[in-house]
Amino acid sequence: MQGSKQFKRAILKNLVLGLRKRGVASRDMSFHERKSAVRHAADAALAAARGTAPCWSRSLAAELSRGQDAQLRPATSASEEYTPRKMTMCKRISRRRRSIRARPKSKATAKAADVLARVMVRRRTRALRDIVPGGRGMDECTLLGETLDYAVSLKAQVDTMQLLLRALQAPKNPMLMQQ
Amino acid sequence: MQPNGREMAGGDGGSGPQADDFFDQMLSTLPSAWADLGGAGGKSPWELSASAGADDHSAQAPFGDDSSALLTARLRQHQIGGDNKSSSPVMLQLSDLHRHGLAGGGGGEEGGGFSPLPLFTDRSAPAREEMEGGFKSPNATGGDHAVFNGFGMHGAAAVQQQFGQGGSLSPQSMGAPAASSGGAPTGTTSSAGGGGAAPPRQQRVRARRGQATDPHSIAERLRRERIAERMKSLQELVPNANKTDKASMLDEIIDYVKFLQLQVKVLSMSRLGGAAGMAPLVASMSSEGNSSGGAKGSAAAKTNDNGENGGGDGGGGLRVTEHQVAKMMEEDMGTAMQYLQGKGLCLMPISLASAISSATSSASLLSRPSLRHPAAAVGQLQDGNSGAAAATSPASANGAGGDDARAPVSDDGGAGGAKQ
């Protein structure tokens, strides 16, 4: 759906600009520094290319800006989004715990399988929430929608990075041969 | 279709002028509801928002429940006004229409038995706001959900040309399932419906609140339908998703997203060599080794930066290292690579190692095209003399070839490399 060329091009452009800006080409970075710089640039490129429409994009951007100690992005809107989400998340957790505790006591054994299925689904939903950025403050329905969008965008990001990698690495050898 | 709609609107009996007014408002509110709900199927809501702008989507989101509530209330008034006779022909014509025009998304599961009407549109904002102002009621009562059920909320592809006709048809069709699913509320609606042709908005709100037919189950149903929609679209996206069970489907989704994230992580490691250009030997080569090793889950190209002849000195010690590395590889590739890197060793495809050992000058290495191709077979991780050769990605082979070419120092010193 969204693996559109336009989207990938946007990611690529942002990525190249970001990499150049972070000075990744310099030699005095350690392995880990460079890796995190590239990763950071890639995530920022993805979030920027996707825009602010989906929730995960906004929370990803907020996470990235929080991670940067040097730059203090104002991002008050992001923090405002987060605190109510945390509150709803806490409420949801307590609600969930209560309901999980309550149900097995009241249901008959015949419905135990049903309960188990529901518990399993809930566990996995929780895992999904951990994976998708900003998944904490969403109900299940929006979470699934966000996951969909996030997966598509990730796929586009991976394709773009692979493309870039191939482009950067391939022509080196013929160039060197001339030396 | 247009004449059909008009006929039905005319043949409504009970409230003629009211019907027009009603339909106008229907037409304006329905799109907002549908843009929110129907998006997940044919067009993802994100795509919609991406194309139409974030504002539209976020603006439409809060409208869904309100407009649905409005619809329900209106329909009930209409329906109960005594149009039960006309509703069935309406439904028949509606189903005909649907059969003809719509890419129906699995309708017919709900009471109405007709496919849903996708009503995406670019309705004027003022109409929407007007609706919103009037119907901002916090509760989505059972009636709303009955309406949605009747509509069958499987967002089919937007068929905008049908919108005009569909809009006029849908209210009546919705009235039928709404009535069928919620019998009790009719009493309250009729009391409210007696308010007149275009009852003021407050009355409609009151009427809605009065209808509490099992709101929980209907809300649950609505929620479940939404989730089912999204699960379906996720199923199409994720490969190997032939599971019907929700839990296993979620498992697949989680694994897929984790896999993609891992790919990004690994690609960001491999980018180091490319973007960095001629990085220092150790750093670039070992990093590229690590990266492509992570990428394919197998070992990557090796270089030996110490210039030690692995085969010669301390053969016993190296054998121990080999065992160690083989053991670590079984559990985690990353730590194995780091271990090797710490020792100043790396993993190398067999053909490359043989090429290096047999080469006398870097020039001959450069000229070998084989360096650019993946050299070794998959999964040949062995202890002992055959060495730990494994599959290499083209990237790593390229990287290895490139780096070896760029780094004559390691070639000279690394004849034989760390391959054992």
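Letters A, B, ... are given to chains in the order of the sequence lines, protein chains preceding strands, and every chain is numbered from 1.
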For side chain to side chain contact (heavy atoms under 4.5 Å, CB included), just list the numbers for A:K155 and B:Y256, CA-CA rounded to whole Å, side-chain angles, deciding distance to a tenth of an Å, and then say yes or no.
CA-CA 10 Å; A:K155 185 84 175 64; B:Y256 183 59; 3.3 Å; yes

Per-residue contact mode, A:A151 against chain B (heavy atom under 4.5 angstrom)
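Interface part for A:A151: both.
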
Side chains of B:V266 and B:M269: does their closest heavy-atom pair fall under 4.5 Å?
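SC-SC contact between B:V266 and B:M269 confirmed.
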
Please identify, among B:I254, B:V257, B:D245, the residue contributing the most non-hydrogen atom pairs under 4.5 Å to chain A.
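The option with the most such pairs is B:I254.
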
Return the option, out of B:M231, B:Q261, B:R224, with the maximum number of heavy-atom pairs under 4.5 Å with chain A.
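Result: the option with the highest number of such pairs is B:Q261.
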
In a check of side-chain contact (heavy atoms from CB on, under 4.5 Å) between A:K13 and each of A:V16, A:I11, A:L17, which one passes?
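It is A:L17; the other options fail the test.
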
Please set out all donor-acceptor pairs under 3.5 angstrom arising from side-chain atoms of residues 36-47 of chain A, sequence neighbours excluded.
unit_1	atom_1	unit_2	atom_2	d
A:S36	OG	A:H32	O	3.0
A:S36	OG	A:E33	O	2.9
A:H40	ND1	A:R22	NH1	2.9
A:H40	NE2	A:L64	O	3.4

Leading residue by heavy atom contact count with chain B [cutoff under 4.5 Å; candidates A:Q157, A:E140, A:M120]:
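Highest number of heavy-atom pairs under 4.5 Å: A:E140.
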
